[in-house]
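Proteins get letters first, then strands, A, B, ... in listed order; numbering begins at 1 in each.
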Number of protein chains: 2
Amino acid sequence: MTVAEVAAEVGASRRTVLRDISALRDEGFIIHTDPGRGGGLRLDPGSIQTTVRFSVIEVFALLISVETMRAAGNLPFSSLADAGLAKLEKALPSDKVRDLRRFLDCLYIGKMAPQVDLSDLGTMDPELLPAFETAFLQHQYLRFQYRDAKGSVTRREVEPQAMLILPPVWYLVAWDPDRNDFRHFRMDRIRQPECIEDRFFRRRYVPFKEQVSQVRRM
Amino acid sequence: MTVAEVAAEVGASRRTVLRDISALRDEGFIIHTDPGRGGGLRLDPGSIQTTVRFSVIEVFALLISVETMRAAGNLPFSSLADAGLAKLEKALPSDKVRDLRRFLDCLYIGKMAPQVDLSDLGTMDPELLPAFETAFLQHQYLRFQYRDAKGSVTRREVEPQAMLILPPVWYLVAWDPDRNDFRHFRMDRIRQPECIEDRFFRRRYVPFKEQVSQVRRM
DNA sequence: ATCAATGGTGCCATATTTTGGCACCATAGC
DNA sequence: GCTATGGTGCCAAAATATGGCACCATTGAT
């Protein structure tokens, strides 16, 4: 298109369109121009940028998802996804980036344990991530309802110490003060999670043995 | 904080700050106010929205990553990630959404084949996704350099028919006209991909057998 | 060589939008 | 009742965007 055509289309003057083009170039759009008779404007489609607005927790969820995928060695087209990730992370306020790092420090990934029963694999409670965010970062106790493999439901009150992924199952690794030992809880079996103001200290969690690596970032 | 304090901090008038607060509320920020002596403003931290600008191909890469993760049954905190995904998809121009769907139609995921040698697992060529986008959506031939398991390098010219994920390895499934059969190419062994204008017809690809499902969306 | 069609820039008056100040209202605590 | 707070309507002033004009550079057609 020529500048005059664009101006007619949007109902602005030639001068304004030229100014807008200059502004768009400053914003990163790549617009080729050909002067002279038969010339005009060409917008590089690859340079089109779309604007997305996220809440902080959404960025958090996306980053954790993709980081986990990377840790599983399963991130395709990584340099492009990386660029997107970098933008996501840059969008987070700096204190939230610190939180994210600390959260990822608690995240471990391993191979699937072959003997796990997947027939009843459910979805996680939507409140789980916000609850984890508080529980892990503030070292607060977590109280929840847990349905074990046999179907019996109990109420637990534990110290969240780590998260363990044995794809496709996610586990909460927590110190159970009642039983004085670590326990693994399948996240899809947790309901009604809530944090308790009381604080605890972090314990040393040694994941099973080999075959488990930490989802680290930078 | 009080409005007067905010005004002093940002160097604007009380009136302007009040106008800006009203605008922020229109944008979805949740700001509680307490009138009367000792009152002031309180910003709900959960309502903070950050603005991120993506190129179309970055959105594409992120969506493919997360969709694949979902197909692998490995998407944690899904309702929150979903909200982020929905925003990402909404940010795509509608013709690109159609492209994305068609691209995902070509994507299959299965269990890891246990006998694969992962010692030389490399990273994909950054040009691979843009090349795939053209090759799969325009049904164009793909030409590339391929280094096989023995290390010998050949040049190929094939019809891209599907992508197969056997985590953590990604394969291009393509019809090789020279050999008159389907061939599987590990994506991390592909270099210098480029599309050729010639078109081909889609062939019926039947992935191995069971254990492989399609990464479908909606 | 000349001419017309194109992008591009500088300048300035005009149009539009934003800002600041003021008066005033409602509410809550002292 | 007084004071400190958020909130609104109004209007003039300040800031910004727009449109018009003159003019330059480049390119292709005549």
Assess whether side-chain contact (heavy atoms from CB on, under 4.5 Å) is satisfied between A/L172 and A/F136, documenting all intermediate values.
CA-CA 11 Å; A/L172 164 66; A/F136 276 97; 3.8 Å; yes
Taking all non-hydrogen atoms of both residues into account, name the closest pair between A/D178 and A/D176 and its distance.
N-OD1, 3.0 Å
Over all strands shown, is A/R25 touching base, sugar-phosphate only, or nothing at heavy-atom distances under 4.0 angstrom?
sugar-phosphate
Between B/R179 and B/D181, does any side-chain N to carboxylate O distance fall below 4.0 Å?
no
Looking at every non-hydrogen atom in both residues, tell me the closest pair between A/P93 and A/V56 and how far apart they are.
CD-CG2, 4.3 Å
Rounded to whole angstroms, how far apart are CG on A/D26 and P on D/dA17?
13 Å
Using atom types as modelled and distance alone, determine if a side-chain donor or acceptor of B/Y146 lies under 3.5 Å from a backbone N or O of B/R186.
yes
For residues 12-24 of chain B, which residues have at least one heavy atom under 4.0 Å from DNA chain C?
B/A12, B/S13, B/R15, B/T16, B/R19
Only residue of A/F144, A/W170, A/W175 satisfying ring pair (Phe, Tyr, Trp, His ring centres under 6.0 Å) with A/F185 is A/F144
Listed once per pair and sorted, the ring-ring contact (aromatic ring centres under 6.0 Å, His included) pairs that draw on residues 37-69 of chain A, sequence neighbours left out
A/F60-A/F103
Is there a residue in residues 28-39 of chain B whose heavy atoms reach under 4.0 Å of DNA chain C, and which residues are they?
B/P35, B/G36, B/R37
Smallest heavy-atom separation, A/L62 atom then B/G84 atom, equals CD1-CA, 4.1 Å
